[in-house]
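Basis for what follows: all heavy atoms, side chains included, without hydrogens, waters or symmetry-related copies. Residue numbers start from 1 in every chain, and the chains themselves are labelled A, B, ... in the order their sequence lines are given, proteins ahead of strands. Remember, it's a predicted structure, so these values are computed and weren't measured experimentally.
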Amino acid sequence: MAQKDYEDIPGTFVFDADRSRQGYHLNMFCISLRLADNRAAFKADESGYLDRYPMSAAQKQSLLERDWNEMLRLGGNIYYTSKLAACDGVNFQELAAKMTGMSSESYRAMMVGGGRSIEGNRYKSEKGQG
Amino acid sequence: MARITAGVGVSHVPAIGVAMDTGITDQPYWQPVFAGFERSRDWIKKAKPDVVFLVYNDHCTAFSAEMIPTFALGCAAEFAPADEGWGPRPVPMVKGHQKLASHIAQSVILDEFDLTIMNAMEVDHGLTVPLSIMFGQPDEWPCLVIPLCVNVVQYPPPTGNRCYNLGRAIRRAVESYDEDLNVVIFGTGGMSHQLQYKRAGLINSVWDTDFLDRLTSDPVGLSQKPHVDYLREAGSEGIELVMWHVMRGALDDEVVEVHRHYHVPASNTAVGHIILENKVKE
């Protein structure tokens with residue numbers, strides 16, 4: 001496959017066709033939580049509800065464990081996974097904090113201070129990230 | 001004839017809608033965000049658009065992973081605010097201009113832009129937050145709205161060049177419509193922000209400011225910016241800014257910047273806002 005010119009951006013998953021294909025059933029589960037009846041059914045039996053969607057065992061596990069970064073690694077998209085967060089009562093800023101490994105307080109303080117700097121965050125080579 | 005008189009660029013951060021809906025806009029965190037919109041609300045009261053042509057993106061609400069149109073034009077009589085997972089926003093029903101919308105669809109499709117036509121569509125915060133920012137909290141929206149939904153969720157979104165040229169085609173379509181209508185076009189989303197993974201929280205104010213400057217000084221050059229520049233410099237969700245090129249393409253080559261507002265942060269995002277007017281021709 002041709003080289004993707006965005007693969008060298010650190011700390012980022014670009015939701016392209018490959019990721020969309022991999023994460024299809026995980027993402028379709030997430031969007032089902034847009035409806036109140038589905039949220040109630042999911043909360044009543046999380047594992048049983050997830051079995052309606054033919055996703056991989058690893059994807060199912062990431063959802064049950066609320067491993068937000070693993071969901072993305074396995075093809076989830078943030079606009080979908082945020083619907084699971086909303087179902088849990090977690091807002092977008094709290095979700096972002098969880099993905100960066102920061103506390104909600106320190107993440108919020110970083111944002112109020114102008115956000116995460118672009119300096120040193122353009123290329124994986126700057127970060128020593130693989 | 002109908003004409004496009006002005007363009008509005010504005011972020012559509014969902015938390016801005018929540019702040020308005022829950023009545024906390026005068027809190028210290030939110031006050032500077034909303035202070036910059038006061039002039040915008042005065043401006044649009046005077047501008048009195050009959051129709052707002054609103055370019056936005058759906059956030060996996062009306063469109064699931066099953067169907068991802070690159071450009072989808074709202075041709076319905078009305079568009080209900082969607083439940084995005086915590087109940088619909090308490091804002092008025094959005095009313096369309098069906099005849100103008102279907103005229104635009106016909107015109108731009110024959111102009112070789114292959115739009116998807118939506119005769120039923122719910123609209124999420126991407127569309128309703130810009131209306132709230134510009135019009136406040138009325139019982140009914142003071143104008144009709146034609147939504148143009150652009151895919152910026154699954155890579156690749158349409159290029160900036162394609163968006164700019166679609167804007168030009170939309171202008172030709174509007175100007176070939178007989179009814180005397182004042183149309184204002186909104187380009188929404190951005191500015192720099194990343195919502196996901198370890199780089200979440202990224203903000204690039206220098207890049208954002210350059211983008212705002214070049215909307216007036218170098219709009220065609222700006223529309224040539226490659227996608228990887230947005231992703232790298234403005235964050236993975238900053239690529240929403242391609243939608244502003246549709247707005248810019250629909251205006252004159254030369255415009256006057258009448259208002260600008262920029263503030264960090266609203267939730268995870270740099271809030272950017274600009275109002276551009278065509279120079280009045282006598």
Pick whichever of [options] has the most heavy-atom pairs under 4.5 Å with chain A.
options: B:I239, B:L195, B:V206, B:L231; answer: B:L195
options: B:C60, B:A266, B:P14; answer: B:C60
options: B:A234, B:S236, B:S64; answer: B:S64

**OP:** Could you give me the CA-CA distance, side-chain angles and deciding distance for A:Y6 and B:H227, then say whether side chain to side chain contact (heavy atoms under 4.5 Å, CB included) is met?
**Re:** CA-CA 9 Å; A:Y6 45 79; B:H227 281 345; over 6 Å; no
Side chain to side chain, [X] and [Y], heavy atoms closer than 4.5 Å:
X: B:D83; Y: A:L35; answer: no
X: A:M111; Y: B:I203; answer: yes
X: A:F13; Y: B:Q196; answer: yes
X: A:I118; Y: B:W207; answer: no
X: B:V153; Y: A:N77; answer: yes
X: A:R116; Y: B:R199; answer: yes
X: A:D16; Y: B:Q154; answer: no

Original post:
Where on B:F63 is there a heavy atom nearer than 4.5 Å to chain A: the side chain, the backbone, both, or neither?
Top reply: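 Looking at B:F63, just its backbone touches chain A.
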Provide the closest heavy-atom pair for [X] versus [Y] in the form atom of the first, atom of the second, distance.
X: B:T61; Y: A:I31; result: O-CD1, 4.0 Å
X: B:Y197; Y: A:T100; result: O-CG2, 3.6 Å
X: B:Y29; Y: A:R108; result: CD1-NH2, 3.5 Å

For chain B, the option from [options] that forms the most heavy-atom pairs under 4.5 Å:
options: A:R19, A:K83, A:R73; answer: A:K83
options: A:R39, A:M102, A:M110; answer: A:R39
options: A:V14, A:T12, A:L33; answer: A:T12
options: A:C87, A:A17, A:A86; answer: A:A17
options: A:N38, A:D8, A:T81, A:L72; answer: A:D8

Subject >> Test item: A:Y80 side-chain N/O and B:A65 main-chain N/O as donor-acceptor pair under 3.5 Å >> reply: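 Yes: the side chain of A:Y80 pairs with the backbone of B:A65.
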Original post:
Where the side chain of A:Y107 meets the backbone of B:N268, is there a donor-acceptor pair that is under 3.5 Å apart?
Top reply: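 Here the side-chain-to-backbone pair does not exist.
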Subject >> CG/A:D45: more than 12 non-hydrogen atoms of other groups inside 6.0 Å >> reply: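 Above 12, so yes.
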Original post:
Is the NZ atom of A:K98 crowded by more than 12 outside heavy atoms at less than 6.0 Å?
Top reply: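 Open: at most 12 neighbouring heavy atoms sit under 6.0 Å from NZ of A:K98.
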Original post:
Charged N to carboxylate O below 4.0 Å: is that the case for B:E233 and A:R122?
Top reply: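 Salt bridge between B:E233 and A:R122, a charged N being under 4.0 Å from a carboxylate O: yes.
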Original post:
At a heavy-atom separation under 4.5 Å, does A:S117 approach chain B through its side chain, its backbone, both, or neither?
Top reply: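 For A:S117, the contact with chain B is made by the backbone alone.
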**OP:** Report the distance from atom CD of B:Q194 to atom CD1 of A:I9, rounding to the nearest 0.5 Å.
**Re:**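 Rounded to the nearest 0.5 Å, the CD-CD1 separation comes out at 8.0 Å.
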**OP:** Please test A:I78 against B:E237 for side chain to side chain contact (heavy atoms under 4.5 Å, CB included), starting from the C-alpha separation and ending with a verdict.
**Re:** CA-CA 10 Å; A:I78 186 63; B:E237 281 64 57; 4.0 Å; yes
**OP:** Would you please test B:D58 and A:Y79 for side-chain hydrogen bond (donor to acceptor under 3.5 Å, both in side chains) and show each step?
**Re:** CA-CA 10 Å; B:D58 179 78; A:Y79 291 119; over 6 Å; no
Subject >> B:Y155/A:F15 aromatic ring centres below 6.0 Å >> reply: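 So the answer is no for these two rings.
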